2 protein chains.
Amino acid sequence: MPPRKPPTVYDVATRAGVSIATVSRVLRSPQKVTESTRERVLAAIDELGYVPNASARGLAGRRTGVLGLLIPGHDAPPVPQPGSAGDHVVEFIDDMDRSFVDPERNHYFEQLVRGCEISAWGSGYALLVASGPDLSRSVVLDDLEGRVDGIIVISRTVPDDLIARSARRVPLVVVAGRAAGTADSVRVDNAGGMAAVTRHVLARKPEGPVLYLGGPADSPDGVEREEGFRREIDGSGETWRIASTDFTTEGGAQEMRRALADVRPGAVIAANDQSALGALTELREAGISVPDDCVVTGFDGIEDARWSRPPLTTVRQPMTDVGVQAVQTLLRRMADADAPGQDLQLPVDVLLRESCGPLGR
Amino acid sequence: MPPRKPPTVYDVATRAGVSIATVSRVLRSPQKVTESTRERVLAAIDELGYVPNASARGLAGRRTGVLGLLIPGHDAPPVPQPGSAGDHVVEFIDDMDRSFVDPERNHYFEQLVRGCEISAWGSGYALLVASGPDLSRSVVLDDLEGRVDGIIVISRTVPDDLIARSARRVPLVVVAGRAAGTADSVRVDNAGGMAAVTRHVLARKPEGPVLYLGGPADSPDGVEREEGFRREIDGSGETWRIASTDFTTEGGAQEMRRALADVRPGAVIAANDQSALGALTELREAGISVPDDCVVTGFDGIEDARWSRPPLTTVRQPMTDVGVQAVQTLLRRMADADAPGQDLQLPVDVLLRESCGPLGR
DNA sequence: CTGAAAGCGCTTACAG
DNA sequence: CTGAAAGCGCTTACAG
């Protein structure tokens, strides 16, 4: 039983005995209207159940009041996230008893959405969440351009050149990856996080060489994390080697198995949780006790890492914060198109769990 | 370095040497335009980087192409979800080894959002996700009305009368709760799910009375679940009693403690996971072995229930499906304002875990 | 198949 | 403080 024709400013104006300009003013700059007039208009609005038409408002006002967020669709597994260097104070959180409650757990994109959502609505903007399958994503990006006042894109969900093109037309920020000067970006301190956890490992590892399970060479995240690792391992005096995984659990297990064929590591530092989880399994099967004989760490802070045997020490990415900061950065860009480019890098946490031995620095 | 004035239909028309009507047609009903003309227009669009303005399109076309989803904000804990009766075939899934992967785990609203998102984009609509703090939520609902072609609201996030009022003006479906004839609704089969799990419990419980841990009296969910319980327990010949909790872990623990003061139950059937988890803790402290001396079940399928000791058998709500169905129901309503009211009730699953003993019916 | 024109419902200078 | 009027960028009958 929905609609009859909804009331417009004209209806309100007629009913309140004013012009439509005044109705508009009551809604947008109430202080410019005499109190008595304002009250009459407000009453009319209420009586008629008037709700402003956002399309008309958007057209006339040249702004939609909407922010767009483009996330990977559901046809393919989530794309890994880029990032880079910097050196913040990394907070170590005792999660030995698993009492640390990650705000809303680690659903990478869902946390991001939530962060954006909170921040957007808090700033008076609505959030349009766009996903869509791989292939159509660039179409969706174009579509978004016409719908919103600004766009947040997750790096790599759309080809870089398309992102750059969109950024030229509309305020845009790239999340979880660098934009290489073509747009503002907000990401996580991959190198700093990896460096921190590496230091932690080096300070407490049992005898034996260090095995670094890196990511694919084309992963910006992987590159930055490895950079953080090298920063600490170089000159540490430890023996170490690097293996590359595809960031999957199987990949981690496979490289672990291969390594175990000729060394018995005292530490396995993985560039993401999945591969660390795979390594954990192999170590167990090889009868190597974690953390007594070998410590293991991951990166990301996915939920599964909390429940592995033993629970995995890992570097957690503050995705909700990333969302919040992305929105704030976007709003800044919207306010000043000529402001210098931003490349925000958020600090990460390290969640200490049993895979890296008892507590302490 | 964003904008210069973006190109409009006029620019495209000029460049292609056609009228704006033709440009519009190329975009909206290409088959009405000669191939050669179409190509020229498309080329112009491409060269200019033209993107249609959604506000103008929405205003002229009287549709926005956007669906709105109103979810609880982030200032308060998620509101419990209503629902009601029906009798579907309930699927029992062996999750004894925790190998059952709940699609995207149980973040109640996030799953819902995801379901809506998939379904909306798949149907050619964009999804506007609105939350906002408790108090402002009714304002947000009004705001949504002006922005979208249809609205999905989670029951109880906004006072029922406001939902009803909105439903009179715009296509609207209520999710996770009944709309009492004022709007279409999509929800979960609370009673059927509880009845099923109750049957399961009765068929396998050890000696001892049944304790039902119900929800607050004002929770529609609670009421329906209790109804399902009573349906099975009545005439079962079992001794039983009901206690009411506030759906929290502490509430569950407290009522469990109280009950243990004078009975030693053979089964605890809780109306939600949280309270079941609380009960589990109390039973352990009382030295009662679950499932050997007493079986325990929950409802909802939250993530924590997978990791409790022992893992909790529970009734899982298919929230992604709820989202998908909500969108489909909404689209139907949008297509036909006068269609009879819908009140969809989706079947639930029961996840079998250790708290209810070894497998089998 | 294509164009001229009206109209969608607002906002915002510009006068007064 | 308030009103008349232009204009935002499209879509869609209506003619031809």
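Model, not experiment: these values are computed from the prediction. Within every chain, numbering begins at 1; the chains are lettered A, B, ... in the order of the sequence lines, protein sequences first and strands thereafter. Both backbone and side-chain heavy atoms feed into the values below; hydrogens, waters and symmetry mates do not.
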Does the protein touch nucleotides 10-16 of chain C at the base, only the backbone, or not at all? Give it as B, S and - per nucleotide, heavy atoms under 4.0 Å.
BBBB---

Compile the donor-acceptor pairs under 3.5 Å between side chains in residues 40-69 of chain A and protein atoms, sequence neighbours left out, one pair per line.
residue	atom	partner	partner atom	Å
A:Arg40	NH1	A:Ala16	O	2.7
A:Glu47	OE1	A:Arg15	NE	2.6
A:Glu47	OE1	A:Arg15	NH2	2.9
A:Asn53	OD1	A:Ser55	N	2.7
A:Asn53	OD1	A:Ala56	N	2.9
A:Arg62	NH1	A:Ala60	O	2.9
A:Arg63	NH2	A:Tyr125	OH	3.1
A:Thr64	OG1	A:Val66	N	3.1
A:Thr64	OG1	A:Arg147	O	3.4
A:Thr64	OG1	A:Asp149	N	3.4
A:Thr64	OG1	A:Asp149	OD1	3.0
A:Thr64	OG1	A:Asp149	OD2	3.4

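Paired regions of DNA chain D, where each region holds three or more successive Watson-Crick or G-U pairs whose two hydrogen-bonding distances fall under 3.5 Å, are C:1-3 with D:14-16, C:5-12 with D:5-12, C:14-16 with D:1-3.
Proximity of A:Ser55 to the phosphate of C:dC8: no side-chain N or O atom is located under 4.0 Å from OP1 or OP2. Under 4.0 angstrom from either OP1 or OP2 of D:dA4 there lies no side-chain N or O belonging to A:Ser19.
Applying the side-chain contact (heavy atoms from CB on, under 4.5 Å) criterion to B:Gln31, with sequence neighbours excluded, gives B:Ser29. By the side-chain contact (heavy atoms from CB on, under 4.5 Å) test, B:Thr8 pairs with B:Lys5, B:Tyr10, B:Asp11, sequence neighbours left out. When the side-chain contact (heavy atoms from CB on, under 4.5 Å) test is applied to A:Pro30, the partners found at least two apart in sequence or on another chain are A:Arg38.
B:Leu59 places its CG atom 9 Å from the P atom of C:dC8, with the value rounded to the nearest Å. In this structure, the CD atom of B:Glu35 is 14 Å from the C1' atom of C:dC1, given to the nearest Å.
With hydrogens and angles ignored, the 3.5 Å screen pairs no side-chain donor or acceptor of B:Ser119 with any backbone N or O of B:Gly115.
When the nucleotides D:dT2, C:dG3, D:dG3 are ranked by their closest atom to the side chain of A:Thr37, D:dT2 comes out on top.
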